[in-house]
Amino acid sequence: MSPVQLFEEKKVRSHYDAEKEIWYFSVIDVIQILTDSVNPRDYWYKMKIRVKTDDGLELSTVCRQFKMIAEDGKMRMTDTADTETLLRLIQSIPSPKAEPFKQWLAKVGYERIQELADPSQSLDRARENWQNLGRSEKWIQQRMTGQETRNKLTDYWKESGVEKKDEFALLTNIIHQEWTGLSVKKHKEVKGLKSQNLRDHMSEAELIFAALAELSTRQIAESDEAKGLLENAKASKKGGAIAKNARIALEDKTGKSVVTGENFLPLDKKKLE
């Protein structure tokens with residue numbers, strides 16, 4: 001999945017080409033931040049018509065497209081630009097945020113170089129971002145532990161012949177559906193989310209049970225020596241069922257639902273939705 005960077009707490013979808021060591025950023029997201037336009041896609045469309053690069057090239061020819069999560073939660077082809085191209089675009093957009101954004105771009109590139117040399121720095125930055133968003137230390141620790149559990153599971157899937165992104169999504173949904181009784185999409189709807197990351201809006205309990213489901217799935221898959229999509233799908237259902245049974249047992253004791261509609265959306269955003 002393409003990562004999301006934050007500029008002044010506003011999202012900028014991005015893609016990192018590890019082979020070329022180049023960041024690509026969603027042009028639409030950048031235009032929205034710089035212009036506060038209610039229709040950044042229309043702004044970009046008109047900009048592609050009137051603006052050319054110093055070499056006389058049209059903007060559409062120097063941009064690349066990658067699949068990124070759209071507002072409706074689906075993966076869609078999105079115009080992106082590398083740092084050099086983006087700087088050219090910014091010069092054509094009158095905005096008081098232009099200079100701070102240029103500095104932010106330089107910082108993102110520098111931080112990526114640091115992370116390649118010392119991967120632990122990416123974890124430190126993730127922790128800092130969550131702290132800035134008001135998450136508690138307990139929540140942050142559970143979120144990071146859950147991510148480590150998730151990474152170990154996806155590593156197993158890759159080693160066992162599951163490679164396509166849609167297959168990863170399918171297996172993830174099987175696990176989620178089994179332990180929560182909801183699809184990932186439905187769970188996001190319950191929480192009032194659109195393009196936001198579901199796990200970033202889970203409660204501490206939801207994070208714990210999601211991790212239990214994925215830990216169980218991996219251990220069952222390893223025990224069964226699951227190979228390919230079909231065998232891993234069976235392991236995913238079994239792993240999800242373990243977390244489901246634990247969830248039901250806890251709910252019976254407490255009388256409270258583990259799966260909730262609670263989220264961390266800003267209050268003004270909640271009012272709008």
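We're numbering straight along the sequence, starting at 1.
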Evaluate the side-chain proximity of Asn151 to Gln147: yes if any heavy-atom separation is below 4.5 Å, no if none is.
-> yes

Evaluate whether atom NZ of Lys191 has more than 12 neighbouring non-hydrogen atoms of other residues, nucleotides or ligands under 6.0 angstrom away.
-> yes

Considering only Ile, Leu, Val, Met, Phe, Trp and Tyr, and joining two whenever side-chain heavy atoms are under 4.5 Å apart, list the other residues clustered with Ile208.
-> none

Are any of the side-chain nitrogens in Glu231 or Lys234 under 4.0 Å away from the carboxylate oxygens of its partner?
-> no

In this structure, which one of Lys185, Glu206, Lys188 forms a side-chain contact (heavy atoms from CB on, under 4.5 Å) with Leu198?
-> Lys188

Quick one: do Arg135 and Asp200 make a salt bridge, cutoff under 4.0 Å?
-> no

Yes or no on side chain to side chain contact (heavy atoms under 4.5 Å, CB included) for Gln177 and Leu182, after CA distance, side-chain angles and deciding distance?
-> CA-CA 5 Å; Gln177 178 85 45; Leu182 301 171; 5.6 Å; no

Would you call Glu214 and Arg218 a salt bridge, using N to O less than 4.0 angstrom?
-> no

Check: Arg150 and Arg199 side chains under 4.5 Å, non-hydrogen atoms | yes

Kindly indicate whether the side chain of Leu153, heavy atoms from C-beta on, has any atom under 4.5 Å from the side chain of Ile175.
-> yes

Only one of Lys48, Lys67, Arg41 forms a salt bridge (charged side-chain N to carboxylate O under 4.0 Å, His left out) with Asp79, so which one is it?
-> Lys48

Spell out, as yes or no, whether a donor-acceptor pair under 3.5 Å connects the side chain of Asn173 to the backbone of Val184.
-> yes

Are side-chain heavy atoms of Tyr24 and Asp82 found at a separation under 4.5 Å?
-> yes

Those residues at least two apart in sequence (or on a different chain) that pass side chain to side chain contact (heavy atoms under 4.5 Å, CB included) with Lys164 are Asp166, Glu167

